[in-house]
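Shown next, in structure tokens, is the structure this report addresses.
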Amino acid sequence: MSVPGDKAYDPSSLERRWQARWERDRTNSFSLEELRTARRPYFNLMMFPYPSAEGLHVGNIYAFTGADVHGRFKRLQGYDVFEPIGFDAFGIHSENFALKTGKHPSRLIPANIVNFQRQLRRIGGMFDWDHTVDTTDPEYYRWTQWLFLQFFRRGLAEKKGAPVNWCPSCMTVLANEQVIVGECERCGTGVEQRFIHQWFLKITDYAERLLRNLERIDWSDSTLKAQANWIGRSEGAQLRFPVYRPRAPGLIVEVFTTRPDTVFGATYVVLAPEHPLVDDIATDDRRAEVEAYRERTRAMDLVARRKIEKDKTGVFTGGFCVNPATGDRVPVWIADYVLMGYGTGAIMAVPGHDERDFDFATAHGLPITRVVAAAGEDADTPLAKAYEYPVGVLVNSGIYDGLEVDPGRDAIVTDLCKVRLARRRVTYRLHDWCISRQRYWGPPIPIVHCEECGPVAVPEEELPVLLPEVEDFRPDRSGVSPLARVRDWYEVPCPECDGEARRETDVSDVFLDSAWYFLRYPSTDFDDRPFDREITRRWLPVDMYIGGNEHAVLHLLYSRFVVMALKDMGLLDFEEPYDRFRAHGLIIREGAKMSKSKGNVIIPDPIIERYGADTFRLYLMFLGPFAEGGDYQDQGISGPHGFLHRLWESVVPEEGELSAEEADEGVERKLHQTIKRVTEQLAELRYNTAIAAMMEYLNAVRAGGRRPRRAEVEPLVCMVAPFAPHIAEELWRRLGHDESIFEGANWPAFDPARCVKNDARIAVQVNGRVRGTVLAPVGADRDEVMARARAEANVARHLEGTYVRRIVHIPDRLLNFVVVRAAGVGRAR
RNA sequence: GCCGAGGUGGCGGAACCGGUAGACGCGAAGGUCUCAAAAACCUUUGCCCUUGCGGGCGUGAGGGUUCGAGUCCCUCCCUCGGCACCA
């Protein structure tokens, strides 16, 4: 492969050559046999991209390169690294683009994928192209449908009517997670509320486990926190407020509260406008007003409703409840600040100790009672605002007066439990996962609706339910999927009674596609099962997962849920899909966010063209800590580029041959230090400092124009290989190796004994200020260092005329004389 | 408002467990080579005072602990990301 006499570094031809060779030799591909027998399997996963028409952007490349560096590092350490990639090609994103350009997604996507594959090959990723996944391929989505059926069979999928987020622009339902501050995540349009029958997966059944397991998985801290927040566990009590109606008793309003200790301060009750008891509680004279308010709320989109700053509106229903603690009659209101989707959809309002209730009470002239007094306050201290801290003693609380908040809460709940007016309860913010989409570009949900039998699963042997090719795939306002217009597709006999029936015409959420794709990768050789038991046992859970924190809650939570459920079904042997997850940072450019509108987006192809993929990869990893991202400065790329040139020139000298002499002693020490640093830092994904260490080392090797020796540069070639695999292969070859550098654990070892220097440069301080440095043998004791320090002219100067009170000695690092002026000693005494 | 990350030279960023702040790179200045330029290579480069030796100041602001603080503690300001009427 090497061309004798060809001594110039020419990245573009060299990279093309090695990419072709990896392909030819199947360097990065596993055969089925290899997957079955790999000795040190390491599943290196990265989040698969959505294949857009624009092609790979720098963000993709940054993430993939960081993940690939990790994979190649592990491989050089001798692991059998499986590094697959695929395409998350279903979903609204593709569909909207198709609608805009008038091209059918089924024609658009394959072209995009071809382009992505070309680009992904070009950046030199270690991808196994024999085990790739395309979520729009019927051979893939038949198993997505199969997955849904497993949930359906076990009662973990159900269709229920629910108020949902409706995006009037995308004309579809959105999951709560896809609504950002009341707006559609994708198009920014204000989201409305609609009541539609939808398929839900019961992720809330797993809330507690999803939360608890967070403690035992090795993930980025920020991601763990985001998940915990999203699940949003709160402990509290459900209290019963009987409706006050002497003539017809029996109705009860259940409220959820985290502060049952404040129940004596509950001066009114608020129901969500959609609450089912509103009709029963409202009195005839108030009914018109109540109805008007409910109507208004219903019409209002969630944007307006979710705005916190707005004034708290609401109306009195005319009805009353009995406060179970005080026995007082309290008025029942409805207000849109109480949400039907959380807790019981009803609250006891404690205006003295809840800011929202306080605002509402103030606006509507409702009584405010203090029931907790902080230090220095008593039962009558006026409340200028709600006192929300759960600290203090109970007041105005009958027999509980004087108890601290925590024991008070316990006592109150215990007593109310005895009379069945309370029970302890844990509530989660997490909602069930709505997977129905009234769109075209997704896998049809494999259900047939039969008048007689209800919803019936499509038999597994009939999967996939193919998405029909239809030209008119636009969604419409009706809230019904485009597939509902394709009569000869949806009209089918019932699989159970053979009677007239109709296919489910909704398709499933993209997040269902990506909730299990990692299970498929190692098993793509099988078309009769989604994932092979034996192979799955060998390769999963995923050893390392690298991706963006934008998926910290959605994708990562859903895939955890899916795996947990599959484990319970006996289909998997583990319940957490990813042993380690690391979130990468974002790339900005010259201090500003990149965006198409600003026109400051980095286009990778021309950069790769000019400098080569190796330089581009190295530079991206050099920008900053991988977990935090970095600032892409156009000029900066010349640094890493120059480094690779110097590396090349060091291994392939322009004149003469590489010296075979033993490594210089000083350089060798530096080499061992460098191997140590780079090895440790790569393990922690601290790529930027690892690269800096290698640069520093190469500078030392070439210092003063000295000629590098083979033993000095060969290990460096191996260390550079994860970042710049092509040049590393070429240099490895030129160093006389026949096999790929990635075959056979070539990561260099370091000898700790050879990392240490003979002498240490020790800082000498006088009163904490550095006045000089001295050289002393490593491990030299205090007296020896002190003697050398005193011999140092500038140190001696600063010690002159002083009295040494104390000496601080940190071996091999520092010596500090703590002194006072001699003249001052006497005075101080 | 809550949660998370962060604030260090002209710029991107280093700094183990509290121990010489500014590694590495960009940019800039000077030089070598060249007819010239590019590339490459060498030197300098936190700020201020000083011919030099050297000295002073310096990690968002203010206080504290310590022989010694970018690092620990308290108060505050700002930036970025996420969540947000969640009872």
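Chain A is the first sequence line, chain B the second, and so forth, proteins listed ahead of strands; every chain is numbered from 1.
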Practice prompt. Go along nucleotides 12-21 of chain B 5' to 3' and tag each nucleotide: B for a protein heavy atom under 4.0 Å from its base, S when only backbone or sugar atoms are that close, - otherwise.
Written response: BSSSB--BB-
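- Between the side chains of A/Arg617 and A/Thr65, no donor-acceptor pair of N or O atoms lies under 3.5 Å.
- When all heavy atoms are compared, the tightest approach of A/Arg429 to A/Asn229 is NE-O, 3.7 Å.
- Using a cut-off of 4.0 Å between Lys/Arg side-chain N and Asp/Glu carboxylate O, A/Lys385 and A/Asp359 are scored as not salt-bridged.
- For A/Arg788 and A/Glu784, the salt-bridge test passes: some basic side-chain N is under 4.0 Å from an acidic carboxylate O.
- Ion pairing of A/Lys757 with A/Asp759 is absent here, as no side-chain N (NZ or NE/NH1/NH2) approaches a carboxylate O to less than 4.0 Å.
- Residue contacts shown for A/Ser234 are limited to sugar-phosphate atoms, with no base heavy atom under 4.0 Å away.
- Nucleotides B/A15 and B/G68 have their P atoms positioned 26 Å apart, rounded to a whole Å.
- Exactly one of A/Asp631, A/Asp634, A/Asn600 qualifies for a side chain to side chain donor-acceptor pair (under 3.5 Å) with A/Arg589. That residue is A/Asp634.
- Within 4.0 Å of A/Asn549, counting heavy atoms only, lies no atom of the nucleic acid at all.
- For the C1' atoms, the distance linking B/G12 with B/C49 amounts to 31 Å, nearest Å.
- Contact annotation: A/Lys225 does not reach the phosphate of B/A5 (side-chain N/O to OP1 or OP2, under 4.0 Å).
- Side-chain N/O atoms of A/Arg429 include one lying less than 4.0 angstrom from OP1 or OP2 on B/A84.
- Note on A/Ser638: only backbone sugar-phosphate atoms sit closer than 4.0 angstrom, heavy atoms only; bases stay farther off.
- Not counting sequence neighbours, A/Glu550 has no partner by the salt bridge (Lys or Arg N to Asp or Glu O under 4.0 Å) test.
- Nucleic acid contact class of A/His809 (heavy atoms, under 4.0 Å, all strands): none.
- In the region residues 639-647 of chain A, proximity to RNA chain B at under 4.0 angstrom, judged on heavy atoms, holds for A/Gly639, A/Arg646.
- Backbone-only engagement by A/Asn699 is indicated by non-hydrogen atom pairs under 4.0 Å involving sugar-phosphate atoms exclusively.
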